[in-house]
Amino acid sequence: MATNTIEFKNVGLNAPMEVWHIGKHSHPFYEVIVVMSASETVEVAGKTIEAATGDVLFFRPNTIHEEWSH
């Protein structure tokens with residue numbers, strides 16, 4: 001049975017006091033975003049996603065996306 005190793009590159013809290021916007025970008029690794037409060041809008045693959053508190057966003061490596069907080 002094959003096993004894979006998971007390595008966390010970064011775990012952090014992004015809780016700015018003001019709304020923010022991150023332009024189109026991607027990462028060479030998987031990205032998991034857990035919306036802990038407020039909401040976030042994400043544009044990915046030509047679609048707009050509205051994520052609210054408790055939602056989880058999962059991006060594959062090299063997925064171009066853009067983010068806004070609310």
statement: OG1 (Thr48) and CD (Glu43) are apart, to the nearest 0.5 Å, by 4.0 Å
message: Nearest 0.5 Å, please: how far is CG in Asp55 from OG1 in Thr53?
response: 8.0 Å
- request: Considering non-hydrogen atoms only, spot the tightest contact between Ala38 and His70 and give its length.
  value: CB-O, 3.1 Å
query: Mind checking whether Phe29 and His27 have parallel, tilted or perpendicular rings, split at 30° and 60°?
result: parallel
Taking the side chain as C-beta and beyond, is there a heavy-atom pair between [X] and [Y] under 4.5 Å?
X	Y	result
Phe59	Val42	yes
Glu67	Glu40	yes
Ser26	Ile64	yes
Glu31	Arg60	no

- request: Would you sort out whether Ile49 and Thr41 count as a side chain to side chain contact (heavy atoms under 4.5 Å, CB included), showing the intermediate values?
  value: CA-CA 6 Å; Ile49 299 167; Thr41 300; over 6 Å; no
With sequence neighbours excluded, residues passing salt bridge (charged side-chain N to carboxylate O under 4.0 Å, His left out) with Lys47: none
- prompt: For Glu50, what residues pass the salt bridge (charged side-chain N to carboxylate O under 4.0 Å, His left out) criterion, not counting sequence neighbours?
  reply: none
task: Among Ile, Leu, Val, Met, Phe, Trp and Tyr joined by side-chain contacts under 4.5 Å, find the other residues sharing a cluster with Val32 and list them by chain and number.
output: Tyr30, Val34, Met36, Val56, Phe58
